[in-house]
Amino acid sequence: MWSLQTSKVDAGTAPRAKFTIHLPRGDVAVIQERRASMWVRVATLHPGPGGKGTVFAPRARQGVDRYRIAVLRGRRTVAESATRTVYAYAPVTLATFTGREPSTLDVNGQQFTYVAGVFRHQDGTGVSLAPRFSTVLTAANTTCRTVTLQVAAVSETLGASGGSMTVSVVQQGARAGSVDLSANEIAPLAVALTSAPWQLDASMVNLAQIQNGQETLDVAVNGSLSCYTRSGR
């Protein structure tokens, strides 16, 4: 019998397993890792009283690793356990995840590399022509467990007009995370993800009528995701 302390680890962390095993004299129990089409020995079990013990596998690289316990009699495998899977997560930049060439924008002295123009407000008659809702980015699937962002509402005149914006991470079957922003304000937004599709949405609140000229509102985003694949997909 054996179990992993956790099936999700940060890359560079050694997965830890607890086990209980009773070995015939002369037999050896080992942890094996699946590499390509082979099982490779990576650690040896040293049972203590009652056959119990703890063993560490090598430090995990970003990706998916599979492990099992095998009992060896000489060079022959005489027993093997069920396979356990470990997902090792590492940072993936927002530019890598989106596949977009990063643009650069300075907001209050901080450089943002992902900028989306989401609202255009043209008002010559006191009527807003801008949408009140826009999707900044979408992901049909993901191999990431968290997204950690810095978001900003970028506008020259929004503050004077009294408008504000809400930015949200929305995912199917999960609780949304959101933050409210006034003009040129920067705020953190961190959300736990599942493998389901998700998107980053922006919505206007308190959209004021502007009597002169055009109102432009952009969403600037910095950040990264913690994923077990290099692309995050």
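Bear in mind that the values here come from a model prediction, so they are computed numbers and not experimental data. Just the heavy atoms: all of them, side chains too, but no hydrogens, waters or symmetry mates, feed the values below.
At distances below 3.5 Å, not a single donor-acceptor pair connects side-chain atoms of Arg68 with backbone N or O atoms of Thr83. With Asn222 contributing its side chain and Gln111 its backbone, the two residues share a donor-acceptor pair below 3.5 Å. No side-chain donor-acceptor contact under 3.5 Å links Thr77 to the backbone of Ala79. In this structure, the side chain of Ser182 does not engage the main chain of Glu185 through any donor-acceptor pair within 3.5 Å. Using a distance-only test at 3.5 Å, with no hydrogens or angles considered, a donor-acceptor pair links the side chain of Gln171 to the main chain of Ala196. A donor-acceptor pair is defined here as one N or O able to donate and one able to accept, closer than 3.5 Å; no such pair exists between the side chain of Asp10 and the backbone of Thr13.
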Could you walk me through whether Ser81 and Trp2 pass the side chain to side chain donor-acceptor pair (under 3.5 Å) test, one step at a time? CA-CA 8 Å; Ser81 72; Trp2 76 298; 3.0 Å; yes
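A side-chain donor from one of Gln199 and Asp201 sits under 3.5 Å from a side-chain acceptor of the other. A donor and an acceptor atom, one from each side chain of Arg41 and Gln32, are nowhere located under 3.5 Å apart. No side-chain N or O of Thr138 forms a donor-acceptor pair with one of Thr135 less than 3.5 Å apart.
Under the 6.0 Å distance and 45° angle rule, Arg34 does not count as a cation-pi partner of Tyr67.
Between Asp65 and Arg84 there is no salt bridge, since none of the side-chain N atoms of the basic residue sits less than 4.0 Å from a carboxylate O of the acidic one.
The aromatic rings of Tyr228 and Tyr87 sit tilted, their planes meeting at an angle between 30° and 60°.
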